[in-house]
Amino acid sequence: MKTARISSQKSEDSDSSQAANISAGRTTGALQSLGDRAPNADVRLDAVSVTFMRSNGDRVTAIENVDLTVKTGELLCVIGRSGEGKTTLLNVVAGLVEPSEGRVLVGEREIHGTGADRGVIFQGDAVYPWMRVADNVGFGLRVKGVRRPERERVVDEYLELVGLSHVAKSWPRELSGGMRSRVAVASVFANDPEVLLADEPFGALDYVTRRRLQGVMLDLWQRTGKTILFVTHDVEEALLLATRIIVVGGGHVLDDRPVNLARPRDEEVLASSEAVETRRRLLSYLGLEPGAGSAVGQTNE
Amino acid sequence: MSNAPVRPLSPRRLAGSLISPVALRLEMVVLLAVTWELVAHYAVTRIGTSGEPIFPSLEYLAKDSFLQMSNYWSGGWGAPSPGNGGTQTYLGAVLALASASFASFGRLFAGVGLGFVLGVVLGLAVSASKAARSVLSSPVHFLRMVPFLALAPLFEVWFGKSDIGAIVFIGYGSLVVTFVGIVNAVGLVPAVQLARARTEGATRRQIYRWVILPSIVPAMRATILVIIGLGWTLDVAAEMLGAQSGLGVIMEYALRFAYTGRVILVSFVYLVYAAASFYAVQWLTGWAIRWHPSQAKARRRRRFSVKPALALK
Amino acid sequence: MQAASTVRAGNSHSRVRGILLRLAGVGVLLGFWQLMAVLLPPSRLVGPWNAVSDLVHHYNNDPLISFFGFSAAGYGGLMYFTVRNVIVGVAVGGLCGVVGGVALARTERTRAATEPALVTLGTVPILAVMPLFVIWFGVASYTSVILVALYTTILLAQYAMRAAENLPPIYEARAKTCGARMGTRVIRVLVPGVMPEILGGLRVALAFSWGLEVFAETLGAPSGLGQGIQILSNTDNVQGILAIVLLIAAVALLVDALLMAAARLLFRWR
Ligand SMILES: Nc1ncnc2c1ncn2[C@@H]1O[C@H](COP(=O)(O)OP(=O)(O)O)[C@@H](O)[C@H]1O
Ligand SMILES: [Mg+2]
C-alpha cells in the first residue's frame, strides 16, 4: 500500500485555456445566476484512501475507501469530530495530499496536484501579510497573468461584495480577524475556481462575525453557483449553509443526507421539525445527545 | 494640537520632562561624558611611557590627539606631511582621518555587499532542494563554528597584506552568516502560505518570486544589520593585522607606541561609524518591512526605544 | 519546503538517506579542502590530513612554542588558557548581563534610558577597544577576559531585556493573584520564563567569544591559541595555523553541544 505524501507536485494548470477563459468570458456576467454555468464541475472521489506515516512509524488511515460525488452547484458541508479526517478529505480534493489509493475527479478529469480550478479557503491565516488587501485578492489572477486593468476590475468587484472596498489599500495587519477572513473569501472567489474548498474558515471568529461571514459566503455562492465543499465542526453552521451534509468519522462517511430547508434559513426555518430532526441526528453522530447540554459530563467521549 | 491651553511650567511638569525618554537618553550621554572627565582629571592621571596620559580627558582627545592624526597624512591637498618635516595641521588631521575612513568604508561595503549577494543567491538555490540542504547542513554548521576572527591570519597568508584579502575576509564572514539566515528563513515560511499559492495555480517560479522572497524580507534585513556589525569587527581585525591603509593601520601604529589618545580616538571613530552605518541601514531599509505586523507595534513604541538588533546572531 | 513541514517523513528509509546525505556533506567539505591543497603550494594550504596530524604531533609538545617560553609546551596547554578565559569571561559577562537586563526591563523608565545605549553598544565592534585594554591592563591573562565579559554583558543584557519584555505579563499577574511574593515570582516565573530566550543569546555569545578571545590573544597575551597562531604565522607555518584553527573549531563545537545538551535537560517543558 502506498502511503500518502503531501504532494509537492506543481500545479497542473499547464493549459492556458483557463487564463483565456478568465480574462475574456468572465465579467460581472459570470456572477449572475446558476443557470449560466453549464460546465460539469462534479467532484467525484472513487474509492479514495489516505494513509499517513507518523514520525514514530505508525500508520494512520485518515480516510478509508471513500466514495463520494458532489454535484455541480452543491454546497456540501462536511462535519465530524476533530481528527476524524475532514481536513484530509478536503486536501485530497485540493490536491495538497495525494491519495494512497483511489482517484479524484473534477468533471471528467482525474486530478493530480493542486490547480487553480479548485480554490481553498484555509483553516489558518493564509492572507499574505506583505501584500495590500487588493493585491491579496488579485493574487490568483496575477498568477494567471491577467492584465492589471482587468485584475483591478475583478478585485474591486469582489471587495465590494464582501464589503471591504474601503480597506483595499491597507495592509492585512491593519485588519481585524473577521476582515482578514473576508479577504480570504474574496481571494478565492475572485480566482473563479470551478470548485471551492473551505476548511473551517470561520472557526476562529466570534459569533457575530461568523454569522455575517456565513451570509457573505451564501450570497457569493448563490451568485456564482460554485460547487462548494465546506468543512465545519459546527452543526448550526452546516444547517444554515448546506444543500447536503455528510458526517465523517473514523475515515468513513457515516451519514449523507440532503438538507431541503427553505431559504433564507431564519430562526423559524431552523426551528422547524425537519431542522430539529436533522440536528438531532447530526448531534448523535458527533456523540452528543441533543438537549443534554446540562449533562456534558455524562457523554461517553 | 494648536489650540491646546498653555500650561504654566509647574515644578511637577518640569520633573516629568526631565525623566521623559528622550531626556533620559540625553542625560545618559551627559552622565557618561562627565564620568569620563572626572576619571581623567581626578582618578587616573598617570602619564604613560609615551608621554601621553593613560586616561586622556575629552579635551585632550579633541585637541592634542586629533591634531596628531595629521602625522598619518602623507602630504598634499595643502596640508604638509609631518613625517617629512612638515607641521601638524588640523587640515592634515581631517585629511588623514578622511582618507583612512574612506579606505575602511570601501572595504566594509565591498566585503559585506559581496558576501550578502552571494549568500542570498546560494541560500535561495540551496533552499530549493531538500537534498542540497541536507548535504550542506553539516559543512555549513562547521564553517559557522570556526571563529571568523581566528581565520584572519590565514587570509593574510593567502592574500597577503592587500585590500583584496580584507574584502574577501569580510565577504567570507558575511556570506556564511547570510547563507545560514536565508536557508533558515525559507524553512520558516508558513506551510499554509505556500499551499495557498499552489492552490491558486502558482508555478514554482511564481511561488519563489511572490511568496518566498517577500516573506523572507524581514529576515534579510535582520541579516544585513547583523553582517554590518560583523563586517566592522572583521574590518578592524583585518586592518590591525595587516593592511596598507585604513583606520586600523593608524590604530596599530598608535598601539605600538602606546599613544593612548590616538588609540582611543580611533576606537571612538570606529564605534561611531559602526553605530551610524547600522542606524542608517536600519532606517533606509525600513520601508521594505512596512507591511510586517511588528511594525504597527514598533511605530507606536518608536518614541520609547529603538528595536534591538541582536548582533552576530 | 512545501506543505511538508506539517509532515514528518519519518520512516527509517528516509532517515538513513538523511544521514547519508549529511555524511556526503562532510565528504564534500573535506574533498574541497583536499583539492585546494593539491592545487596550492604547501606554503599556502595543506590538506586536512596534514593539519590533523600536525595537531596530534604538537598537542603536547611544540618546539617553537616552548622556545617562546610559554608555560605551555604544546597546543594543548595553549588551548587550556583560551578555554579557561572564554568560559570565565562568558560566565561573568552572562551573569552581569542577565541580572542587569532583567532588572532594567522591570520599569519602563530605566528601560527607556538604557536600551538605546545598549542597542548602540551592541552594534559597535567591541574589538576596537581591545588595544585600549592592552594599554590599560597590559599583557595580562585577564585582559582578554575583560573583553569577552564586556561583549557578553552587552549582548545578554539585550537578550534578557527583550525576553523579560516579551514574557506575557499575565504570567506574573497570575503568580501575583496566587499570592506569590516578589522573590518567588522572580525565581518561579520570571527566570524560567526568560531562560530559553537567554540561552539563545548565550550560544551566540559563546560562539563569537572564541574568535574574540583568540584575536585578543594575538594582540598580546601571555599564552593562548591566539599567541600560538601569532607565532606560527610569523614563521609562515600554515600547517600549524590550520591545526590550531581546527582545534578551536572542535572545542567550540563541543562546548556548544554540551550547552545544548544541558539546555535540553533544563527546558524539557519547551
Ligand atoms: N500530515 C499528516 N501526517 C500524519 N498524520 C496526519 C497528517 N494529517 C492528518 N493526520 C492524521 O489523520 C487523521 C485525520 O486528520 P484531519 O484530517 O486533520 O482531521 P480533522 O480535520 O477532521 O480534524 C488524524 O488522526 C491525524 O492525526
Ligand atoms: Mg481539520
Side-chain angles (χ1 to χ4, degrees), chain B residues 19 21 24-25 27-28 48 54 127-128 130-131 134-139 142 144-154 156-158 186-187 191 194-195 198 229 232-233 235-237 240-241 251 254-255 258 260 263-264 266-267 270-271 274-275 278 304-306 308-313, chain C residues 1-6 18 21-22 24-26 28-29 44 108-109 111-120 122-129 131-132 134-136 155 158-159 161-162 201 204 207-208 210-212 214-215 218-219 226 229-230 233 236 238 241-242 245 248-249 252-253 256:
Chain B
I19 52 171
L24 275 173
R25 270 187 237 178
E27 286 155 19
M28 281 282 291
I54 284 267
S127 299
K130 207 175 163 200
S134 302
V135 169
L136 285 183
S137 68
S138 27
F142 176 76
R144 188 80 189 75
M145 290 308 279
V146 179
F148 299 137
L149 284 171
L151 292 175
L154 273 180
E156 202 193 316
V157 171
W158 290 334
V186 174
L194 298 169
R198 287 168 57 206
W232 276 112
T233 298
D235 187 62
V236 173
M240 283 179 57
L241 274 194
M251 175 115 100
L255 176 63
T260 344
V263 169
I264 294 178
V266 176
S267 294
Y270 263 127
L271 304 193
F278 175 89
F304 273 93
S305 71
V306 207
L310 300 167
L312 302 165
K313 194 157 194 170
Chain C
M1 168 197 69
Q2 306 295 350
S5 62
T6 55
L21 285 175
R22 266 154 200 272
V26 177
V28 166
L29 183 70
R44 289 293 174 91
E108 177 74 357
R109 290 208 185 281
R111 199 179 57 70
T114 48
E115 198 181 352
L118 269 179
V119 171
T120 305
T123 66
V124 304
I126 203 79
L127 201 63
V129 301
L132 210 64
V134 172
I135 292 178
W136 283 346
L155 188 74
Q158 282 186 66
Y159 268 89
M161 208 178 239
R162 208 179 57 165
V204 175
F208 194 70
W210 296 108
L212 210 52
V214 168
F215 191 84
T218 61
L219 290 186
I229 289 183
Q230 182 70 4
S233 71
D236 279 336
V238 173
I241 300 178
L242 282 171
V245 167
I248 299 169
L253 279 167
D256 185 62

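Just so it is clear, the model here is predicted, and its values are computed rather than measured. We use all heavy atoms of the structure for the numbers below, so side chains are in, but hydrogens, waters and symmetry mates are not. Reminder, nothing fancy here: chain letters follow the sequence lines and each chain counts from 1.
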### Query
Can you list the residues that meet the side-chain contact (heavy atoms from CB on, under 4.5 Å) rule with B:S137, with sequence neighbours excluded?
C:R22
## Note on the structure
Sequence neighbours excluded, the answer for side-chain contact (heavy atoms from CB on, under 4.5 Å) partners of B:V263 is B:M251, B:A254, B:L255, B:S267, C:P131, C:L132, C:I135
### Message
So which residue, B:F148, B:W232, B:W158, ends up with the most heavy-atom pairs under 4.5 Å with chain C?
### Response
B:W158
## Note on the structure
Counting heavy-atom pairs under 4.5 Å with chain C, the top scorer among B:A152, B:A150, B:A237, B:A275 is B:A237
Measure distances from [X] to the heavy atoms of chain B and classify the residue's part below 4.5 Å as side chain, backbone, both or neither.
X	answer
C:L118	neither
C:V214	side chain
C:W210	both
C:L253	both
C:V28	side chain

### Query
CG/C:L127 to OH/B:Y270 distance, rounded to the nearest 0.5 angstrom?
9.0 Å
### Query
Roughly how far, to the nearest 0.5 Å, is the CE atom of B:M145 from the CD1 atom of C:I248?
12.0 Å
### Query
Under a 4.5 Å cut-off applied to non-hydrogen side-chain atoms, are C:V204 and C:Y159 in contact?
yes
### Query
Which of the residues C:V134, C:V124, C:V26 is involved in the greatest number of heavy-atom pairs with chain B at under 4.5 angstrom?
C:V124
### Message
side-chain contact (heavy atoms from CB on, under 4.5 Å), that's the test. Do C:F208 and B:L149 meet it? Break it down for me.
### Response
CA-CA 9 Å; C:F208 194 70; B:L149 284 171; 4.2 Å; yes
